[in-house]
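Worksheet: the structure to be examined is printed underneath.
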There are 2 protein chains.
Amino acid sequence: MLSYTEENYLKAIYHLSGSGTKAVLTSEIAETMNTRAASVTDMIKKLSAKNMISYEKYYGVKITRQGKAEALMVVRKHRLWETFLVQKLHFSWDEVHDVAEQLEHIQSALLIEKLDEFLEFPTVDPHGHPIPDKTGKFVEVRQIPLSDCSGKKKITIRAVRNGSPSFLQYLSKIGVYIGATVAILEKIEFDGSLEIMIDGKKKVFISREASQNLLVTE
Amino acid sequence: MLSYTEENYLKAIYHLSGSGTKAVLTSEIAETMNTRAASVTDMIKKLSAKNMISYEKYYGVKITRQGKAEALMVVRKHRLWETFLVQKLHFSWDEVHDVAEQLEHIQSALLIEKLDEFLEFPTVDPHGHPIPDKTGKFVEVRQIPLSDCSGKKKITIRAVRNGSPSFLQYLSKIGVYIGATVAILEKIEFDGSLEIMIDGKKKVFISREASQNLLVTE
DNA sequence: ATAAAAGTTTAGGGTTATCTAAAAAATTTT
DNA sequence: AAAATTTTTTAGATAACCCTAAACTTTTAT
């Protein structure tokens with residue numbers, strides 16, 4: 001049984017490790033958790049004692065199989081709650097993160113299974129991120145940043161990489177949403193910005209930063 | 001801003017004080033919170049410093065206007081969540097309490113207003129308890145225990161007084177629910193038990209304890 | 001290769017919420 | 001009214017989580 005704080009650290013480690021594929025440094029964790037390295041070291045010892053991560057001094061941490069399973073359940077809860085907030089309570093996609101950060105820690109297996117059923121077993125959340133099922137599995141669609149796309153193929157917006165409220169609000173404003181079809185009309189050499197056509201209807205320019213934050217399939 | 005624990009203490013004080021009408025003793029709080037009197041004294045000092053209760057040593061506490069408002073918001077959240085769990089996620093009424101105890105502490109005014117709207121502004125929860133509106137007001141229907149009813153008038157089940165899971169399961173089993181119509185067929189002198197007719201269809205005997213725990217209108 | 005810089009851990013504290021044991025006050029009993 | 005009992009408060013600890021400052025290790029630069 002993990003505490004609220006332990007769950008948050010574990011989730012951060014899971015994300016920072018690229019879903020558990022690489023080791024994570026103390027400083028990276030301190031950065032994302034907005035704490036000091038000393039606090040991270042304390043928590044690392046706790047999570048290590050609970051076999052959630054393996055830890056070697058000065059070398060960073062690796063998430064264990066068990067830790068990954070726990071982290072995936074927190075991610076599952078977070079994404080199911082975000083889906084609920086948008087689909088049922090009509091939150092906009094830029095309003096859901098902070099509330100889901102709280103809701104993800106509610107302890108009740110029954111609740112999350114019933115919520116999943118109520119939402120009809122969604123596979124992606126409002127930001128296009130995959131929702132692990134109750135065994136921790138999820139579909140991995142190979143997505144690339146829009147900035148890496150070439151030519152004028154039919155492109156579908158699949159997810160945002162960094163879902164900050166201001167970026168999401170900006171996307172809404174220009175008419176970009178998950179599932180939208182876009183075509184690249186022109187790439188501006190000078191600054192890497194793109195002129196794109198959204199749903200064959202609307203032309204807009206987006207910055208390189210924005211195009212790097214949009215994950216798409218061709 | 002109150003902590004999770006402060007909210008729980010305040011809610012307990014609100015209930016123990018009869019919605020803020022009478023003073024509450026340290027020992028009563030310790031009893032319902034499953035803590036020691038010493039811990040209660042500590043918390044009383046904190047809540048008093050935050051002007052949620054007024055406190056005089058050795059005399060128990062009284063909830064303030066501000067404290068009552070805070071407690072009502074926690075009660076509102078608890079009851080809205082219970083309603084959600086039963087109506088939307090199809091929990092049974094004996095399964096909701098513990099989950100709602102967690103959900104009631106989620107901090108988001110937007111969430112609770114949207115939830116209220118999603119549920120179409122319910123006025124009572126699954127146990128028949130009134131749900132305060134966003135200003136803290138709620139309809140008070142004069143209810144009496146079934147045990148205090150006389151004669152064979154048409155009686156409507158309105159609420160349970162003590163909603164313990166085992167009592168609720170028992171009610172489901174014998175066919176008693178909020179809104180059911182009952183008639184008293186006979187009062188057994190020996191033990192105060194009642195023979196009742198439910199919805200004009202089913203006769204059952206219920207103990208005095210059970211009849212004292214059912215709140216009704218005549 | 002060694003000195004400087006960067007990153008990490010340890011040491012020592014602070015806060016919140018809990019506890020036990022002892023002291024103090026109020027209540028009940030004789 | 002005094003003694004006994006009960007209730008409440010105070011005193012002193014503990015655990016979780018976080019901090020700063022100092023010590024230690026690793027990495028980078030000269």
Side-chain angles (χ1 to χ4, degrees), chain A residues 1-14 16-18 22-63 67 70-71 74 98 101-102 104-107, chain B residues 1-17 22-63 67 70-71 74 98 101-102 104-107:
Chain A
M1 187 97 289
L2 301 177
S3 74
Y4 188 104
T5 310
E6 287 167 345
E7 284 189 347
N8 278 335
Y9 270 92
L10 199 58
K11 189 179 59 149
I13 293 167
Y14 172 77
L16 287 168
S17 70
K22 58 179 190 280
V24 181
L25 302 176
T26 302
S27 51
E28 296 179 275
I29 300 170
E31 170 86 47
T32 51
M33 297 294 293
N34 280 305
T35 54
R36 302 309 175 131
S39 308
V40 174
T41 301
D42 285 351
M43 182 53 79
I44 281 173
K45 286 178 186 162
K46 286 182 61 185
L47 288 172
S48 189
K50 292 190 177 186
N51 288 309
M52 294 293 145
I53 55 179
S54 62
Y55 167 52
E56 248 189 294
K57 271 193 193 179
Y58 296 101
Y59 283 92
V61 300
K62 282 207 276 282
I63 199 160
E70 291 282 350
V74 179
D98 293 351
E101 283 289 298
Q102 297 178 63
E104 73 188 8
H105 301 291
I106 303 291
Q107 301 286 326
Chain B
M1 186 99 288
L2 300 177
S3 74
Y4 188 105
T5 310
E6 287 167 345
E7 283 189 348
N8 279 335
Y9 269 92
L10 199 58
K11 188 179 59 149
I13 292 167
Y14 173 77
H15 288 311
L16 287 169
S17 69
K22 58 179 190 282
V24 181
L25 303 175
T26 302
S27 52
E28 295 179 276
I29 300 170
E31 170 87 48
T32 50
M33 297 294 293
N34 282 303
T35 53
R36 301 310 174 129
S39 308
V40 174
T41 301
D42 285 351
M43 183 53 78
I44 281 173
K45 287 178 186 161
K46 286 181 60 183
L47 287 173
S48 188
K50 292 189 177 186
N51 289 309
M52 294 293 144
I53 55 179
S54 62
Y55 166 53
E56 248 188 294
K57 270 194 192 179
Y58 295 102
Y59 283 91
V61 299
K62 282 207 275 285
I63 198 160
E70 290 282 351
V74 179
D98 292 353
E101 284 289 298
Q102 297 178 64
E104 72 188 9
H105 301 291
I106 303 292
Q107 302 286 327

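Hydrogens, waters and symmetry mates play no part in the numbers below; they use all other heavy atoms, side chains included. A, B, ... follow the sequence lines: proteins, then strands. Residue 1 opens every chain.
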Counting just side-chain N and O atoms, does [X] come under 4.0 Å of either OP1 or OP2 of [N]?
X	N	result
S27(A)	dA6(C)	no
K45(B)	dT9(D)	no
T41(B)	dT10(D)	no
R36(A)	dT20(D)	yes

Task: Distance in angstrom units between E31(A) CD and dG7(C) C1', rounded - done: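 Value for this atom pair: 13 Å.
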
Task: Interatomic distance, Y9(A) OH vs dA16(D) C1' [rounded to whole Å] - done: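 It works out to 12 Å between those atoms.
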
N/O contacts under 3.5 Å, protein versus nucleotides 23-26 of chain C?
unit_1  : atom_1 : unit_2 : atom_2 : d
dA25(C) : O4'    : Y58(B) : OH     : 3.4

TODO: Answer yes or no: are there more than 12 heavy-atom neighbours, outside K50(A) itself, under 6.0 Å from its atom NZ?
DONE: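 Atom NZ in K50(A) is packed in, count exceeds 12.
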
Open item on the list: Using 0.5 Å steps for rounding, measure from the CG atom of L10(A) to the CE atom of M43(A).
Closed with: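 The distance works out to 10.0 Å.
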
Open item on the list: Checking side-chain contact (heavy atoms from CB on, under 4.5 Å) between E28(A) and each of I13(A), L16(A), V61(A), which is the one that passes?
Closed with: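 Of I13(A), L16(A), V61(A), side-chain contact (heavy atoms from CB on, under 4.5 Å) with E28(A) is met by L16(A) alone.
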
Task: Nearest atoms (heavy-atom pairs only) where E104(B) meets V74(B) - done: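 Scanning both residues, the minimum pair turns out to be CD-CG1, 3.7 Å.
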
Side chain of [X] - closest among [options]:
X	options	result
S39(B)	dT9(D), dT9(C), dT18(C)	dT18(C)
L25(A)	dT8(C), dT8(D), dC19(D)	dT8(C)
D42(A)	dC19(D), dT18(C), dT20(C)	dC19(D)

